[in-house]
Amino acid sequence: MANNEESLKKIISHAKEYGFVFQSSEIYDGLSAVYDYGSFGVELKKNIANHWWKSMVHFHENIVGLDSAIFMHPTVWKASGHVDAFNDPMIDNKDSKKRYRADVLVEDHIVKIEEKIEKEVDKASKRFGDSFDRIMFLETNPRVVEYRKKVEEIKSRLYKGLENNKLADIKTLIEELEIVCPVSGSRNWTEVRQFNLMFSTQIGSLSEGTNTIYLRPETAQGIFVNFLNVQKSARMKIPFGIAQIGKAFRNEIIARQFVFRMREFEQMEMQFFVRPGTEMEWYNFWKQERMKWHLSLGLPAEKYRFHDHEKLAHYANAAADIEFEFPIGFKELEGIHSRTDFDLGAHQQYSGKKLQYFDPELNESYVPYVVETSIGLDRTFLAVLSYAYDEQKLADGSERVVLHLPPFLAPYKAAVLPLVAKDGLPDKAREIMDLLKVEFLCQYEEKDSIGRRYRRQDAIGTPYCITVDHQTLEDNTVTIRERDSMLQERVDIATLHDIIARKLRNNK
Ligand code: ATP
């Protein structure tokens with residue numbers, strides 16, 4: 001599928017037409033960067049979340065779950081650094097009135113230079129054929145060396161500006177690079193300003209006096225403040241993890257990328273508590289484990305890559321993203337961060353309560369270090385959906401849209417379809433529904449021609465269509481049609497359960 005905005009548009013319209021994702025409050029012209037999941041979307045999303053929960057919590061004896069509240073004591077966000085530093089630098093174009101993240105404008109400019117480098121590499125590799133040495137070329141070709149130097153210089157100025165909060169320097173950089181607004185094409189920019197991404201609201205009634213509280217911008221802090229509650233009640237020994245799935249809220253500046261960047265979204269996070277000094281070992285362990293998990297979704301390895309951070313957040317001593325090739329290019333899907341003792345240490349200081357672990361092997365107490373894995377459920381949903389989406393031209397000249405979803409993630413595992421809605425076929429089809437529905441989510445459908453019903457099931461990614469016809473009444477056999485190959489086979493009703501179960505196990 002083409003790697004561009006056009007393909008994202010197709011996915012957005014398919015998601016709407018087939019009940020995966022709707023714009024929030026659509027009848028009121030929508031609420032920007034907020035989305036609702038429709039009947040098929042919610043099943044797909046839950047299947048992804050369940051797979052994560054099972055892999056992380058059920059398959060690891062040393063990881064337990066938690067479901068903490070969205071509202072937390074306001075001091076939590078002071079301690080975590082979010083009140084003071086959860087900011088993005090924003091800039092407006094005065095002509096288009098569009099708002100951008102200043103750092104993203106500069107990063108997009110870097111990507112353009114990197115694309116130029118790749119073009120030079122492509123040209124040279126064609127010219128030199130088998131004898132082409134990529135590394136040598138990158139290090140010696142004068143034009144490429146010049147580009148690479150430029151990239152390093154821009155990065156260094158950007159990171160310095162961000163780190164030292166020198167917003168005027170970032171504005172100067174944007175001006176010097178002659179970055180234009182993609183909408184107006186002009187360079188008429190405002191100053192760069194910091195913008196806090198947390199949503200706030202009031203708790204308490206007016207008579208009691210109200211307090212400002214925040215909608216959590218990440219689920220992690222609920223885990224940190226419950227560290228001792230969970231460790232003691234679940235009798236956990238270090239190293240151990242606490243996992244949770246839940247909503248997070250960020251007032252994002254750029255919010256134009258469907259469920260990739262939302263203002264209300266869902267995170268699946270796991271904080272792994274380790275002995276200080278062992279964190280790099282665990283960080284590398286979780287990097288590999290998490291990549292394995294992504295591959296278990298049935299998407300190919302070349303769609304993923306690691307991006308090791310050069311610029312680290314104040315709390316981290318190592319960080320990497322797992323990036324996925326979305327229709328809008330390679331972008332962050334999951335973050336793996338070695339957060340040191342920053343969070344527990346800060347909560348200990350602000351709350352005045354000890355958050356230490358007594359290590360019986362060392363016979364000493366310490367504040368554990370933390371390695372975090374943090375993945376966006378909605379971004380994973382988009383990764384799965386966009387990779388599954390396929391427009392096919394068939395041998396007979398017709399076309400179909402099919403979602404090649406891994407069967408274990410598909411909203412429905414099978415559709416049960418009486419060929420006609422008479423002659424006792426619906427009753428027989430209902431019997432099959434009763435047989436399968438205890439274990440598999442199935443859909444019964446009798447409206448429209450069988451061909452149209454197949455197309456509809458293809459479009460929502462149902463792996464099997466089971467058709468009941470007149471022969472079924474005679475010999476208890478049905479046809480079973482496989483979504484991807486469209487091959488049909490006549491099988492005994494008694495074998496249906498095993499066929500579907502096998503398909504789900506094989507994950508094909
Ligand atoms: P980005 O740089 O894309 O804004 P981030 O580095 O701020 O992401 P983290 O704070 O590491 O993201 O959050 C962990 C994960 O939560 C991300 O990898 C992503 O999958 C998800 N996530 C973060 N912000 C959003 C959002 N606005 N909408 C949807 N998912 C998000």
Side-chain angles (χ1 to χ4, degrees), residues 21 24 31-37 45 48-49 52 77 80-82 85-90 100-108 111 158-159 162 195-199 215-223 243-271 283 286-287 290-291 293-294 297 304-316 318-326 328-339 342-343 370-386:
V21 180
S24 159
L31 183 63
S32 163
V34 186
Y35 292 92
D36 299 336
Y37 285 83
K45 187 165 95 151
I48 297 171
W52 183 88
W77 305 109
S80 68
H82 284 82
F86 194 49
N87 299 322
D88 275 342
M90 66 174 183
Y100 298 92
R101 255 173 69 177
D103 54 333
V104 172
L105 283 180
V106 177
E107 276 162 4
D108 286 349
V111 169
L158 174 66
Y159 297 156
L162 292 173
F195 177 78
N196 192 291
L197 300 183
M198 281 200 294
F199 285 99
L215 273 72
R216 66 179 177 202
E218 62 177 27
T219 61
Q221 299 303 324
I223 295 180
Q244 96 163 312
I245 299 178
K247 289 264 177 152
F249 304 82
R250 297 183 187 178
N251 200 0
E252 298 279 2
I253 298 173
I254 316 177
R256 300 188 264 274
Q257 292 162 322
F258 194 41
V259 296
F260 179 83
R261 191 172 296 287
M262 301 154 90
R263 295 202 162 105
E264 172 179 343
F265 58 101
E266 227 164 316
Q267 287 186 316
M268 306 192 284
E269 295 199 299
M270 192 276 297
Q271 311 294 325
Y283 168 73
W286 281 111
K287 262 176 84 174
R290 292 303 305 146
M291 187 57 102
W293 183 85
H294 285 281
L297 292 176
Y304 295 94
R305 69 181 187 199
F306 282 114
H307 169 238
D308 292 309
H309 285 206
E310 291 169 39
K311 174 183 162 266
L312 294 173
H314 57 288
Y315 54 75
D321 298 335
I322 294 179
E323 295 185 338
F324 180 79
E325 193 178 11
F326 289 97
I328 43 175
F330 269 102
K331 301 261 179 214
E332 172 177 343
L333 175 56
E334 169 155 15
I336 296 138
H337 311 123
S338 173
R339 296 179 72 123
F342 173 81
D343 303 273
V370 171
V371 174
E372 154 184 270
T373 72
S374 174
I375 173 173
L377 176 52
D378 313 271
R379 285 191 191 176
T380 313
F381 175 96
L382 181 60
V384 169
L385 186 69
S386 59

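All ligand and atom numbering here is 1-based and tracks the order in the structure.
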Quick one: table the atom pairs, ligand 1 N or O against protein N or O, below 3.5 Å, distance rounded to 0.1 Å.
residue, atom, partner, partner atom, Å
ligand 1, 3 (O), R261, NH2, 3.0
ligand 1, 3 (O), R379, NH1, 3.1
ligand 1, 3 (O), R379, NH2, 3.1
ligand 1, 4 (O), R261, NH1, 2.8
ligand 1, 6 (O), E332, OE1, 3.2
ligand 1, 6 (O), E332, OE2, 3.4
ligand 1, 7 (O), R250, NH1, 3.0
ligand 1, 10 (O), R250, NH1, 3.1
ligand 1, 10 (O), R250, NH2, 2.9
ligand 1, 11 (O), E332, OE2, 3.4
ligand 1, 13 (O), Q267, NE2, 3.4
ligand 1, 16 (O), Q267, NE2, 3.4
ligand 1, 18 (O), E332, OE2, 2.7
ligand 1, 18 (O), L333, O, 3.3
ligand 1, 20 (O), L333, O, 2.8
ligand 1, 20 (O), G376, N, 2.9
ligand 1, 27 (N), E252, OE2, 2.8
ligand 1, 27 (N), M262, N, 3.3
ligand 1, 27 (N), M262, O, 2.8
ligand 1, 28 (N), F260, O, 3.4
ligand 1, 28 (N), M262, N, 2.9

Steps toward side chain to side chain contact (heavy atoms under 4.5 Å, CB included) verdict (E332, R379): CA-CA 9 Å; E332 172 177 343; R379 285 191 191 176; 4.0 Å; yes
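- Every residue two or more places apart in sequence or in another chain that forms a side chain to side chain contact (heavy atoms under 4.5 Å, CB included) with F265 is listed here: A248, R250, M262, Q267, D378.
- Every side chain to side chain contact (heavy atoms under 4.5 Å, CB included) that H309 has, sequence neighbours left out, goes to H307, L312, A319, D321.
- One finds no salt bridge joining R339 and E269 here, because no Lys/Arg side-chain nitrogen approaches an Asp/Glu carboxylate oxygen to under 4.0 Å.
- Looking at E266 and K247, their side chains come closer than 4.5 Å, going by heavy atoms from C-beta outward.
- With sequence neighbours excluded, the residues satisfying side chain to side chain contact (heavy atoms under 4.5 Å, CB included) with N87 are Q194, N196.
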